[in-house]
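Chain letters run A, B, ... following the sequence lines, proteins first, then strands; residues in each count from 1.
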Amino acid sequence: MKNLPPISHQSEAPNRGIMARMVPDIFEKPYSPTTSEPKVLEQWDESGYSNPDTCIKKGVCAPDAEAFSIVLPPPNVTGTLHTGHASMLAIEDTIIRFRRMQGKKTLWLPGTDHAGIATQSKVEKLLEKDGVRKQDLGRDEFLKRVEQFAQESHDTIVSQVKRMGASVDWTREAFTLDEARSLAVRTTFKKMHDDGLIYRGYKVINWDPKGQTVISDDEVNHEERQATLYTFRYSKDFPIPIATTRPETKVGDTGVAVNPNDPRYAEHIGKTFDVTFCGVPLSIKVVGDESADMEFGTGAVGITPAHSQTDAQMAERHGLPMVQVIDERAKMMVGGEELMGKKTTEAREAVVAWLQSEGLLEKEEPITHNVSVAERSGGVIEPLPKTQWFVAVNKTFDHNGKQTTLKEIMRESVAGGNIQILPERFDKTYFHWIDNLHDWCISRQLWYGHRIPVWYRGEETHVGITAPEGDGWEQDPDTLDTWFSSALWTFSTLGWPQQTDDLATYHPTSVLETGYDIIFFWVARMILMSGYLLDEVPFKTVYLHGLVRDEKGRKMSKSLGNIVDPLDLIDKHGTDALRMALIVGIGPGADNNLSENKIKAYSKFANKLWNITRFTLGATEGVDLTKKPTLHADDEARVVEIDALAKEITNDMELYRFYLAGEKLYHYAWHTFADIIIEGCKEHLTETADPERSASTRWMLAYLLTNTLKLLHPFMPFVTEAIWGHLPYKNADMLMVAPWPAPNK
RNA sequence: GGGCGUUUAGCUCAGUUGGUAGAGCAACUCUUUUACACAGAGAAGGUCACAGGUUCGAGUCCUGUAACGCCCACCA
């Protein structure tokens with residue numbers, strides 16, 4: 001709170017020295033982002049230049065210019081934007097502004113994501129505070145509440161996106177759950193069903209008892225927990241002891257697997273034993289299966305086909321029956337009163353107590369193992385057999401006359417070089433994920449989302465884009481995984497399934513910029529859908545950014561209380577400063593430990609630019625940039641220098657190295673232009689200086705300022721645009737569409 | 001169990017193709033000179049995790065080790 005710079009010397013001697021009389025008053029004060037940025041935003045809004053059609057109409061972009069497009073990864077309508085979003089917007093806007101200035105037909109298409117499960121649970125929690133459950137409201141009323149919440153979130157998000165300076169084209173805004181996107185979803189579902197790629201199946205799935213819905217494999221996290229490994233026999237007569245951490249599930253066992261090469265148990269393979277386990281009659285068949293690890297536990301595994309995906313696979317291999325013993329509320333469905341209706345945790349104790357009383361428990365030992373947890377709700381996953389809808393990723397089908405699988409389409413798009421992933425090392429991650437991919441469960445027991453376009457009437461089933469004719473049809477109550485609609489995003493936003501001009505012009509999109517944490521959820525699924533439906537890649541380059549962490553490198557979270565609101569940072573330091581702090585030095589895939597000091601440094605830089613301008617404007621009054629005088633060799637060298645820099649920056653930008661480009665520009669502007677060139681040129685600008693040399697220097701300064709502003713505009717759009725508005729020798733009405741100072745490659 | 005990343009100045013981090021290291025912040029000295037004290041000038045600070053190797057030369061390439069972190073995976 002100490003330093004308000006004295007400016008008294010200005011008013012005392014306004015006409016002294018080389019300071020011109022014509023520098024606008026505004027430059028007498030330090031740069032103020034808070035007063036300047038809203039005005040610039042207004043100018044951008046009015047110009048309409050973020051719409052490529054307007055750019056063509058106003059003649060700042062050639063009608064036949066090459067297209068460049070990005071679709072904004074749609075933020076979830078679950079609340080407000082965080083620093084991760086700010087980082088995404090900063091990077092994408094930098095790319096977009098660069099391409100627009102290069103004269104490309106540039107489209108950045110914005111939108112939001114309904115984010116089914118996330119939004120629904122958020123609203124459920126809000127209602128809970130008022131003691132209201134969604135069942136009390138009913139489906140329609142509940143959905144109205146969700147939509148209202150979504151609308152409010154949407155409006156907040158839109159204003160935040162604008163505040164970041166993101167030059168998206170709002171006239172093309174989309175929502176993953178609006179009418180146009182809904183048509184795209186139903187069209188896709190129908191086509192995939194017709195091709196046999198979507199099927200309804202009874203399988204063991206990941207049931208989230210807390211969220212009361214099925215979730216996909218990708219939505220399951222593994223957490224290390226301490227547990228007890230119990231070693232026991234089903235009965236006194238049973239020849240093989242087995243080990244488990246979940247004794248309560250053993251009432252659903254139908255087999256025991258031993259390794260066929262294990263001499264201890266080989267003689268029992270093929271035999272079936274009837275036992276009564278904790279009051280439940282079981283028929284256990286001993287099978288030989290290579291997957292049984294002779295080294296672990298007793299070397300024998302109890303097979304519970306209904307409550308373990310691996311056991312289900314084993315059961316399928318050996319023709320063992322599946323018996324469900326746990327229900328959707330994670331309560332027991334079998335047994336006497338000590339089990340029936342009890343929670344699994346209580347049932348576990350009951351079973352252990354029974355084993356002890358029967359003398360069947362041979363060993364109890366502590367063990368560290370992985371527990372499956374639902375990433376959204378945090379609930380412990382209960383594998384259950386259920387009838388759900390799936391996308392078959394391994395099924396061979398006819399794709400434009402070629403036999404292939406969805407998995408193959410995903411692999412080929414990247415392996416064949418049609419998509420470049422940055423940083424490259426994520427290729428491996430991507431391929432590894434594909435190799436391990438199982439069928440994608442796409443149905444959810446949620447109310448908020450795209451209702452599955454399937455109708456039932458008795459034994460009849462209708463799969464269609466619209467509801468069937470006639471009475472008595474009931475639509476499937478479930479909704480689709482939110483990623484199903486996100487997967488269509490690059491082309492559903494451009495009008496697909498209609499063959500629109502936008503689709504022809506802007507698809508495939510040029511680059512997808514998103515976080516590495518959703519490479520599977522989203523990036524892979526977009527490649528799948530685009531390859532399947534359009535037979536082309538959804539984007540040519542994938543630029544993956546990392547996480548924004550706090551200055552200590554910790555993930556930002558509510559429980560740590562270290563969440564930083566980007567709007568607060570903008571209020572304090574300006575958008576340009578925040579953008580620079582989010583871009584400079586942060587390569588693709590690298591996490592960013594955001595410190596406020598870094599932002600402060602760049603807010604000073606904005607002020608430095610302000611003062612560079614103040615000096616230059618004072619020195620270059622009357623200069624006509626279009627009339628280049630014969631330059632003194634020193635000045636010519638400076639012109640050559642910045643031209644070379646422009647080329648280098650262009651190259652960096654085209655190779656997605658803007659984290660380097662930003663830093664180079666910072667150094668050039670501050671430590672070359674200001675510290676060396678301006679300091680060194682003062683002697684040539686005095687009244688007694690040689691007029692020819694003075695003219696040379698003045699032209700050179702105007703040239704350097706103009707080009708510095710252009711090169712910096714993609715990074716710091718606000719301050720550069722604000723300055724541009726005061727330049728007497730500008731060659732475009734707005735900097736955002738001014739020609740880029742290096743020729744296209 | 002696999003795969004990947006990180007380890008560079010007190011702190012947070014850059015360092016694109018190999019040529020004896022850079023920025024911001026912090027700390028030190030000087031300067032309020034007519035663009036800017038949200039500044040300028042100057043000085044200081046690093047055996048680039050460790051051990052080998054390739055090379056005329058390695059923070060940068062190769063091998064191994066350690067610590068930390070992340071992702072994936074059906075060891076019950």
Side-chain angles (χ1 to χ4, degrees), chain A residues 2-7 9-10 12-19 23 27-28 30-31 217-218 221-222 229-231 242-246 249 256-257 291-293 295-304 308-314 367 369-370 372 383 423 425-426 428-429 431-433 435-436 438 516-517 519-520 546-547 551-553 573 577 581 584-587 589-619 648 651-652 655 657 659-664 666-667 670-671 674-675 678-679 682 686:
Chain A
K2 52 180 166 51
N3 47 354
L4 273 180
I7 50 168
H9 56 272
Q10 297 297 334
E12 278 166 21
N15 292 331
R16 269 179 58 198
I18 55 173
M19 269 302 288
V23 178
F27 288 100
E28 286 189 19
Y31 175 62
D217 295 343
D218 296 288
N221 288 336
H222 301 283
L229 184 68
Y230 302 93
T231 304
I242 59 165
T244 185
T245 53
R246 298 200 60 189
T249 64
V256 163
S291 72
D293 183 350
E295 307 296 316
F296 187 87
T298 63
V301 196
I303 303 174
T304 321
S308 156
Q309 289 190 23
T310 46
D311 288 12
Q313 285 164 18
M314 255 196 280
I367 187 176
H369 73 152
N370 283 333
S372 300
R425 60 185 150 85
F426 279 96
K428 269 188 197 161
T429 316
F431 291 128
H432 184 252
W433 178 80
D435 291 340
N436 286 299
H438 300 296
Y516 64 66
D517 50 333
I519 182 168
F520 309 133
L547 262 48
E551 62 272 289
K552 289 175 186 145
H573 309 290
V584 172
I586 315 297
D591 290 349
N592 179 5
N593 296 359
L594 184 65
S595 76
E596 204 158 340
N597 273 336
K598 189 173 177 186
I599 307 173
K600 269 186 208 163
Y602 289 113
S603 72
K604 288 184 185 178
F605 179 53
N607 188 56
K608 189 74 182 179
L609 289 173
W610 198 245
N611 284 297
I612 288 171
T613 306
R614 184 180 178 196
F615 174 86
T616 307
L617 286 185
E648 198 181 325
N651 190 42
D652 282 339
L655 296 174
R657 297 196 300 231
Y659 51 100
L660 290 178
E663 192 169 24
K664 283 177 191 170
Y666 171 89
H667 281 280
W670 200 313
H671 299 299
D675 288 353
I678 288 185
E679 289 305 325
K682 285 176 182 169
T686 58

Requested in this report: With P as the reference atom in both, quote the distance from B:C62 to B:A43 in angstrom, rounded to an integer.
Outcome: 38 Å

Query raised in the report: If you check every side-chain atom of A:Arg614, which of B:C36, B:A76, B:A14 has the closest atom?
Result: B:C36

Query raised in the report: Where do A:Asp293 and A:Glu295 come nearest, in terms of heavy atoms and distance?
Result: OD1-N, 2.8 Å

Report summary line: By nearest-heavy-atom nucleotide on RNA chain B, the more 5' of A:Phe296 and A:Lys600 is A:Lys600

Query raised in the report: When only distance counts, do a donor and an acceptor, one from the side chain of A:Lys428 and one from the base of B:C4, lie under 3.5 Å apart?
Result: no

Report task. Check the distance between B:A14's P and A:Asn592's CG and give it to me in whole angstrom. Result -> 9 Å

Report task. For nucleotides B:G5 and B:G46, find the distance between their C1' atoms and express it as a whole number of Å. Result -> 23 Å

Query raised in the report: Which is true for A:Ser603 with a 4.0 Å heavy-atom rule: it touches a base, it touches only sugar-phosphate, or it touches nothing?
Result: base

Requested in this report: Would you mind telling me which of B:C25, B:A35, B:G24 lies closest to the side-chain atoms of A:Ala601?
Outcome: B:G24

Report task. Would you kindly give the CG-to-C1' distance between A:Asp591 and B:C68, to the nearest whole Å? Result -> 13 Å

Report task. Over all heavy atoms of both residues, which pair between A:Ala581 and A:Ile599 is shortest? Give the atoms and the distance, please. Result -> CB-CG1, 3.6 Å

Requested in this report: Pick the C1' atom in B:A73 and in B:G1, then give their distance to the nearest Å.
Outcome: 8 Å

Requested in this report: Tell me which nucleotide among B:A41, B:C36, B:C72 gets nearest to the side chain of A:Asn611.
Outcome: B:C36

Report task. Take atom P in B:U55 and the same atom in B:U16, then report the distance between them in whole Å. Result -> 23 Å

Query raised in the report: Looking across every strand, which nucleic acid part, if any, lies under 4.0 Å from A:Arg657 by heavy atom: base, sugar-phosphate, or nothing?
Result: base

**Report entry** Check: A:Glu28 side chain, B:A35 base, donor-acceptor under 3.5 Å
**Finding:** no

Query raised in the report: What does A:Asn436 touch in the nucleic acid at a heavy-atom separation under 4.0 angstrom: a base, only the sugar-phosphate, or nothing?
Result: sugar-phosphate

Query raised in the report: For the pair made of NZ in A:Lys604 and P in B:A37, what is the distance, rounded to whole Å?
Result: 12 Å

Query raised in the report: A:Ala257 near the nucleic acid: base, sugar-phosphate alone, or nothing, with a heavy-atom cut-off under 4.0 Å?
Result: nothing

Query raised in the report: If you check every side-chain atom of A:Ala674, which of B:A35, B:A23, B:C36 has the closest atom?
Result: B:A35

Query raised in the report: Below 4.0 angstrom from OP1 or OP2 of B:A73, is there any side-chain N or O of A:Trp433?
Result: no

Query raised in the report: What distance separates A:Met314 CE from A:Asp311 CG, expressed to the nearest 0.5 Å?
Result: 5.0 Å

Report summary line: Base-pair string, RNA chain B, Watson-Crick plus G-U, cut-off 3.5 Å on both distances, | for inter-strand, is (((((((..((((........))))..((((.......))))......(((((.......))))))))))))....

Query raised in the report: Quick one: is B:G15 close enough that its OP1 or OP2 comes under 4.0 Å of any side-chain N or O from A:Lys664?
Result: no

Query - Under-4.0 Å side-chain N/O to phosphate OP1/OP2 contact, A:Lys598 with B:C11 - result: no

**Report entry** For A:Phe520, ring pair (Phe, Tyr, Trp, His ring centres under 6.0 Å) partners two or more places apart
**Finding:** A:Trp433

Report summary line: Out of B:A35, B:G5, B:C72, minimum distance to the side chain of A:Phe520 belongs to B:C72

Requested in this report: Tell me what A:Phe426 touches on the nucleic acid: a base, only sugar-phosphate, or nothing, going by heavy atoms under 4.0 Å.
Outcome: nothing

Report task. Can you tell me, in whole Å, how much space there is between the P of B:U17 and that of B:G52? Result -> 27 Å

**Report entry** Of all pairs that satisfy salt bridge (Lys or Arg N to Asp or Glu O under 4.0 Å), the ones with a partner from residues 600-613 of chain A, not counting sequence neighbours
**Finding:** none

Query raised in the report: Between the side chain of A:Asn607 and the main-chain N/O of A:Ser603, is any donor-acceptor distance below 3.5 Å?
Result: no

Query raised in the report: Tell me: NZ of A:Lys608 to C1' of B:A23, nearest whole Å?
Result: 16 Å

Requested in this report: Return the value, rounded to whole Å, for the distance between atom OH of A:Tyr516 and atom C1' of B:C72.
Outcome: 14 Å

